Amino acid sequence: YILAHCLISVNGKGSTLAIAVGKDRKGILSVIIYAAGIALCFVNPWFGLGSYTLVTATWLIPDRRIEDRFEN
């Protein structure tokens, strides 16, 4: 999430990368789940591990936004 926004700030908000990423819901959701995972580790370490696994699984699903934008 942070890397994507740094790249967008360097290239500008009208760049192809910025248009491809859009609102970056997947990135924002990942940060939220990671933060929840940190908090859940204090309750039960398995809950934290489960939330980290969930983020990993969501990023294993291909995100075609950038590839589709640069192919055109």
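Computed from a predicted model, the values in this text were never measured in an experiment. Heavy atoms only: backbone and side chains are in, while hydrogens, waters and symmetry mates are out. By convention here, the first residue in the shown sequence is residue 1.
Ser51 and Gly37 make their closest contact through OG-CA, 2.9 Å (heavy atoms, listed as atom of the first residue, atom of the second, distance). Summarising the geometry of Cys41 relative to Gly48, their closest heavy-atom pair is SG-CA, 3.6 Å, with the distance given to 0.1 Å. Considering all non-hydrogen atoms of both residues, Gly12 and Ala18 come closest at O-CB, 3.7 Å.
Between the side chain of Lys23 and the backbone N or O of Ile28, no donor-acceptor pair lies under 3.5 Å.
Of the residues listed (Asp24, Val55, Leu54), the one engaging Ser30 in a side chain to side chain contact (heavy atoms under 4.5 Å, CB included) is Val55, and it is the only one.
Cluster annotation: Ile8 and Leu3 are assigned to the same hydrophobic cluster (Ile/Leu/Val/Met/Phe/Trp/Tyr, side-chain heavy-atom contacts under 4.5 Å, transitive). Both Leu7 and Val21 belong to a single network of hydrophobic side chains, linked directly or stepwise wherever heavy atoms of I, L, V, M, F, W or Y lie under 4.5 Å apart. Tyr34 and Tyr1 are not part of a single hydrophobic cluster, where members link through side-chain heavy atoms under 4.5 Å apart. One hydrophobic cluster, built from ILVMFWY side chains closer than 4.5 Å, cannot hold both Val31 and Ile38; they sit in different ones.
Asn11 contributes atom CG, which lies 11.5 Å from atom CD1 of Ile19 (distance to the nearest 0.5 angstrom).
Within a 6.0 Å sphere centred on CD1 of Ile2, other residues, nucleotides and ligands contribute 12 heavy atoms or fewer. Under a cut-off of 6.0 angstrom, the local environment of OH in Tyr52 is crowded, with over 12 non-hydrogen atoms contributed by other residues, nucleotides or ligands.
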